[in-house]
Amino acid sequence: MENKIRLSGLTLSELKTVASQVSLPAYAAGQIAEWIYKKRVTSIGEMTNISAAKRELISESYEVGVAAPVKESRSVDGTIKYLYAVGNGSRFVESVYIPSNERATLCVSSQIGCKMNCLFCMTGKQGFAGQLTANEILNQIQSLPENDKLTNIVFMGMGEPFDNSEELLKVLEILTAPYGYAWSPKRITVSTIGIIPGLKRFLEESSCNLAISLHSPYHEERLSLMPAEKAYHIDNVIDLLHEYDFSHQRRLSFEYILFDGINDDERHAKDLSKLLKGIYCRVNLIRFHAIPDVKLKSSTEWKMATFRDTLNLSGVISTIRVSRGEDVYAACGMLSTAKNIKK
């Protein structure tokens with residue numbers, strides 16, 4: 001039997017096409033969206049304001065398409081890493097739920113693995129195994145056991161979001177549109193290494209927050225850490241960002257992992273502040289989390305504090321991000337499902 005098309009992950013426009021195919025009026029698309037995204041039903045049979053005959057007709061070709069995680073790993077600090085099966089069930093992705101006193105954040109994946117091959121990232125070491133559909137991205141949110149507690153979503157999990165822009169933008173629409181989750185874009189952040197075509201689309205089509213993985217103010221050094229720098233020079237990324245105003249609703253941040261003896265001295269801090277001059281932003285400093293077969297080491301707490309203070313004195317707001325979930329490989333740069341892939 002052919003796989004059914006999943007309704008979760010479809011935009012209102014796409015749901016109107018579904019309604020038309022079963023001779024329902026266009027407004028029925030809004031009813032279907034409400035059942036999926038607001039009431040979060042798991043079956044078409046639960047959509048009781050649609051006639052039983054029409055529900056049966058929809059069910060012939062469609063399903064809601066939500067699936068619970070297949071595994072969870074709990075950290076001593078309360079962080080929970082969830083494993084989701086995707087595709088035909090032979091591939092997997094991870095997402096990370098991070099609760100704190102004032103907020104509950106979900107770190108979402110956008111690809112199966114990643115093409116970018118950053119030196120410091122386990123996902124990159126895994127390689128790339130495919131794009132996630134809007135359904136598979138949204139399912140990490142929709143099926144999260146703690147869904148009702150969520151306050152923030154960050155696209156900082158497995159993959160490069162702007163290497164999967166079409167599906168990402170559909171998900172962002174569903175999360176922020178009145179027919180969907182109706183979340184404020186201020187509650188959502190998308191992280192990228194700086195894929196310029198996708199970045200341009202995002203800046204024009206979405207109002208969500210943006211985070212740029214930076215890690216060095218120097219081209220050659222950044223290239224040694226992030227091969228994508230060859231195609232997307234950091235100077236070109238910065239030039240593009242200068243065209244937009246980040247002083248109002250949309251926030252811009254730069255992620256900067258501090259590696260001992262590589263990018264953590266005063267020279268780097270001062271040149272980083274020069275690179276970011278004129279851009280309304282903040283810099284999040286991140287401790288490097290050791291991964292297998294990579295000789296990089298994290299900066300000391302003293303060096304991280306000194307780097308932060310140098311940036312702040314230069315007029316660039318900077319904070320040190322607290323690491324979460326390292327004991328279950330859920331911290332920044334540690335997500336990988338290579339061991340779960342069925343050969």
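Of the inter-residue distances, the one linking Asn263 atom CG with Phe288 atom CZ reads 11.0 Å to the nearest 0.5 angstrom.
Tyr244 and Glu204 share a donor-acceptor pair across their side chains, judged by distance under 3.5 Å alone. Side-chain contact check for His268 and Asp271: no donor-acceptor pair (N or O, by modelled atom type) lies under 3.5 Å. Glu229 and Tyr218 share no donor-acceptor pair across their side chains, judged by distance under 3.5 Å alone. For the residue pair Gln249 and Ser207, no side-chain donor N or O sits within less than 3.5 Å of a side-chain acceptor on the partner.
Under the 4.5 Å side-chain criterion, counting only non-hydrogen atoms from C-beta, Glu221 is not in contact with His215. You'll find the side chain of Thr306 stays beyond 4.5 Å of the side chain of Asp265, heavy atoms only. Here the side chains of Phe155 and Leu172 are in contact, with some heavy-atom distance below 4.5 Å. The side-chain heavy atoms of Lys54 and Ser23, taken from C-beta on, include a pair separated by under 4.5 Å.
Other residues, nucleotides and ligands place more than 12 heavy atoms under 6.0 Å from the CZ atom of Arg267. In this structure, Glu146 places its CD atom where more than 12 heavy-atom neighbours from other residues, nucleotides or ligands lie under 6.0 Å away. Heavy atoms from other residues, nucleotides or ligands lying under 6.0 Å from CD of Gln21 number more than 12.
Checked against side chain to side chain contact (heavy atoms under 4.5 Å, CB included), Lys38 has the following partners two or more places apart in sequence or in another chain: Glu34, Ala182.
Of all non-hydrogen atoms in Val294 and Lys125, the two that sit nearest each other are CG2-CE, 3.9 Å. The nearest pair of heavy atoms linking Lys303 to Asp260 is NZ-OD1, 3.2 Å. Closest approach of Met158 to Glu94, counting heavy atoms only: SD-N, 3.4 Å.
Look at Glu46 and Lys39 and you find no salt bridge, because none of the NZ, NE, NH1 or NH2 atoms lies under 4.0 Å from a carboxylate O. With respect to Lys270 and Glu266, a salt bridge is recorded, a charged nitrogen being found less than 4.0 Å from a carboxylate O. We find that Arg6 and Glu63 are joined by a salt bridge, their nearest charged nitrogen and carboxylate oxygen being less than 4.0 Å apart. Classification of Arg287 and Glu301 as a salt-bridged pair fails, no side-chain N sitting under 4.0 Å from a carboxylate O.
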>> Between Arg103 and Asn152, is the side chain to side chain donor-acceptor pair (under 3.5 Å) condition met? List the steps.
In response: CA-CA 7 Å; Arg103 61 200 301 175; Asn152 297 81; 3.3 Å; yes

> Passes ring pair (Phe, Tyr, Trp, His ring centres under 6.0 Å), Phe120 versus His289? Steps please.
Replying inline: CA-CA 8 Å; Phe120 47 83; His289 305 106; over 10 Å; no

> Given the rule in the side chain to side chain contact (heavy atoms under 4.5 Å, CB included) test, do Ser191 and Ser213 qualify, once you have shown the distances and angles that lead to the verdict?
Replying inline: CA-CA 7 Å; Ser191 177; Ser213 294; 3.7 Å; yes

>> Working note: Thr319 + Asn284, criterion side chain to side chain contact (heavy atoms under 4.5 Å, CB included); need CA distance, chi angles, decisive distance, verdict.
In response: CA-CA 5 Å; Thr319 57; Asn284 294 319; 3.4 Å; yes

>> Could you walk me through whether Trp35 and Val64 satisfy the side chain to side chain contact (heavy atoms under 4.5 Å, CB included) test, starting with their C-alpha distance in whole Å, then the side-chain angles of each, then the deciding distance to 0.1 Å, before giving a yes or no?
In response: CA-CA 10 Å; Trp35 284 110; Val64 172; over 6 Å; no

>> Between Ile36 and Ile32, is the side chain to side chain contact (heavy atoms under 4.5 Å, CB included) condition met? List the steps.
In response: CA-CA 6 Å; Ile36 296 171; Ile32 296 171; 3.7 Å; yes

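For the pair Arg250 and Phe202, the distance from NZ or CZ to the six-membered ring centre is under 6.0 Å and the angle to the ring normal is within 45 degrees. In this structure, Lys115 is positioned above the aromatic face of Phe128, its NZ or CZ under 6.0 Å from the six-membered ring centre and within 45° of the axis.
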Validation: residues 276-283 side-chain donor-acceptor distances under 3.5 Å, sequence neighbours left out:
none

